[in-house]
Amino acid sequence: MGQNQRSQIEMTNEELVRFIDQSRTCTMATVGPSGMPHVVAMWYAWLDGQVWLESKAKAQKIVNLRRDDRLSVMIEAGNTYDTLRGASLEGRGVIVEDPEEVWRVGVNVWERYTAPYSEDVRPLVEAMLHKRVAVRLDVERVRSWDHRKLGLGAIDVGGTTGPHLDGPGLPGPG
């Protein structure tokens, strides 16, 4: 029988918080009108230990959440098996329309992906948040993995997709 390595690769709470705080993109899944998953890539806010998203109020993902509040978010990183890590957060998406909360989420998103907030950028953030709502993920289940804990040693980036990756220590296009 093979050894179950699940517990060996789980992130600690501190590792999970740091990973979510330092990551940039998540995959958000809601239940579509036909029952099929509706999956989109999103930027997110990380406020008070919770993942928040913001979107146009009439977007399909928001329509889906109004009908069925089940929400999953996955955040992942790594280009080789030895570097794969991530977290899957499952729970309920709470749509928040309070302008102060939407603003707080919007400023956090702005700062995470653009630059520190100042009153000079207020018009840009206001435009970004026009006709938008916020969604708070109330987590019911967390699954995490960090293959770096397996001690496999470095695996070269390969395969047909390898040459298309660009980043530190990875071959660039061309």
Side-chain angles (χ1 to χ4, degrees), residues 2 4-13 15-81 83-110 112-114 125 127-150 159-162 164-165:
N4 183 343
Q5 295 177 318
R6 182 83 194 104
S7 62
Q8 184 182 346
I9 64 171
E10 284 180 321
M11 291 185 199
T12 65
N13 189 58
E15 291 167 337
L16 180 64
V17 166
R18 185 172 48 253
F19 178 73
I20 294 170
D21 182 54
Q22 295 175 354
S23 295
R24 289 185 60 88
T25 306
C26 73
T27 304
M28 171 186 184
T30 58
V31 180
S34 69
M36 291 295 292
H38 178 255
V39 182
V40 294
M42 297 284 295
W43 283 353
Y44 62 93
W46 179 239
L47 291 165
D48 305 323
Q50 289 185 291
V51 170
W52 289 75
L53 306 139
E54 52 86 17
S55 180
K56 291 284 187 192
K58 293 185 178 183
Q60 184 64 54
K61 57 191 157 291
I62 302 303
V63 172
N64 292 344
L65 286 171
R66 288 190 194 283
R67 184 185 61 258
D68 183 332
D69 67 350
R70 290 179 290 173
L71 173 63
S72 292
V73 167
M74 184 180 76
I75 305 166
E76 55 88 25
N79 289 310
T80 56
Y81 188 80
T83 62
L84 292 179
R85 58 196 173 119
S88 175
L89 312 172
E90 299 173 357
R92 305 292 168 174
V94 178
I95 298 170
V96 177
E97 299 182 69
D98 173 61
E100 288 182 24
E101 282 297 290
V102 174
W103 180 258
R104 194 169 80 99
V105 170
V107 167
N108 186 271
V109 168
W110 177 269
R112 284 177 58 79
Y113 301 100
T114 308
V125 177
M128 177 182 91
L129 294 175
H130 183 65
K131 296 185 178 180
R132 292 179 101 77
V133 297
V135 176
R136 184 186 69 240
L137 174 57
D138 287 351
V139 176
E140 296 172 356
R141 182 176 182 186
V142 175
R143 284 177 281 195
S144 68
W145 57 94
D146 185 347
H147 287 197
R148 298 174 308 170
K149 294 180 175 188
L150 293 172
T160 58
T161 60
H164 305 287
L165 295 174

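Quantities reported herein were computed from a predicted structural model and do not represent experimental measurements. Basis for what follows: all heavy atoms, side chains included, without hydrogens, waters or symmetry-related copies.
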Taking the side chain as everything from C-beta on, heavy atoms only, tell me whether [X] gets closer than 4.5 Å to [Y].
X      : Y     : value
Arg67  : Pro33 : yes
Val135 : Val94 : no
Lys56  : Ile62 : no
Asn64  : Gln60 : yes
Met28  : Lys61 : yes
Thr27  : Val39 : yes
Leu89  : Ile20 : yes
Ser23  : Trp46 : no

To the nearest 0.5 Å, tell me how far [X] [atom1] sits from [Y] [atom2].
X      : Y      : atom1 : atom2 : value
Leu65  : Ile95  : CG    : CD1   : 5.0 Å
Arg132 : Ser55  : CZ    : OG    : 5.5 Å
Trp43  : Arg112 : CH2   : CZ    : 10.5 Å
Leu137 : Trp52  : CG    : CH2   : 10.5 Å
Ser88  : Ile75  : OG    : CD1   : 9.5 Å
Arg85  : Glu76  : CZ    : CD    : 10.5 Å

If every non-hydrogen atom of [X] is compared with every non-hydrogen atom of [Y], which pair is closest and at what distance?
X      : Y      : value
Glu10  : Glu15  : O-OE1, 4.1 Å
Ala134 : Val102 : N-CG2, 3.8 Å
Gly78  : Leu84  : O-CD2, 3.8 Å
Ala57  : Val133 : CB-CG1, 3.8 Å
Ala87  : Leu16  : CB-CD1, 3.4 Å

* Decide yes or no on side-chain contact (heavy atoms from CB on, under 4.5 Å) for Arg104 and Leu47, but give the supporting numbers first. => CA-CA 9 Å; Arg104 194 169 80 99; Leu47 291 165; 4.1 Å; yes
* Asked: Does the pair Val40 and Thr30 meet the rule for a side-chain contact (heavy atoms from CB on, under 4.5 Å), with working shown?
  -> CA-CA 9 Å; Val40 294; Thr30 58; over 6 Å; no
* Asked: Taking everything shown except Arg70 itself, do over 12 heavy atoms lie less than 6.0 Å from its CZ?
  ->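 Count not over threshold, so no.
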* Would you check, one step at a time, whether the test side-chain contact (heavy atoms from CB on, under 4.5 Å) holds for Gln8 with Leu150? => CA-CA 7 Å; Gln8 184 182 346; Leu150 293 172; 4.0 Å; yes
* Does the distance from a Lys or Arg side-chain N to an Asp or Glu carboxylate O, for Arg92 and Asp138, drop under 4.0 Å? ->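 Looking at Asp138 together with Arg92, the answer is no, because their closest N to O distance does not fall below 4.0 Å.
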* **CA sep, side-chain torsions, deciding dist, call: Tyr44, Arg24, side chain to side chain donor-acceptor pair (under 3.5 Å)** => CA-CA 7 Å; Tyr44 62 93; Arg24 289 185 60 88; over 6 Å; no
* To do: Please answer whether the main-chain N or O of Met11 pairs with a side-chain N or O of Ser144 as donor and acceptor at a distance below 3.5 Å.
  =>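 Looks like yes, one N/O pair under 3.5 Å.
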* Let me see the working for Val31 and His38 under side-chain contact (heavy atoms from CB on, under 4.5 Å), right down to the final yes or no. => CA-CA 6 Å; Val31 180; His38 178 255; over 6 Å; no
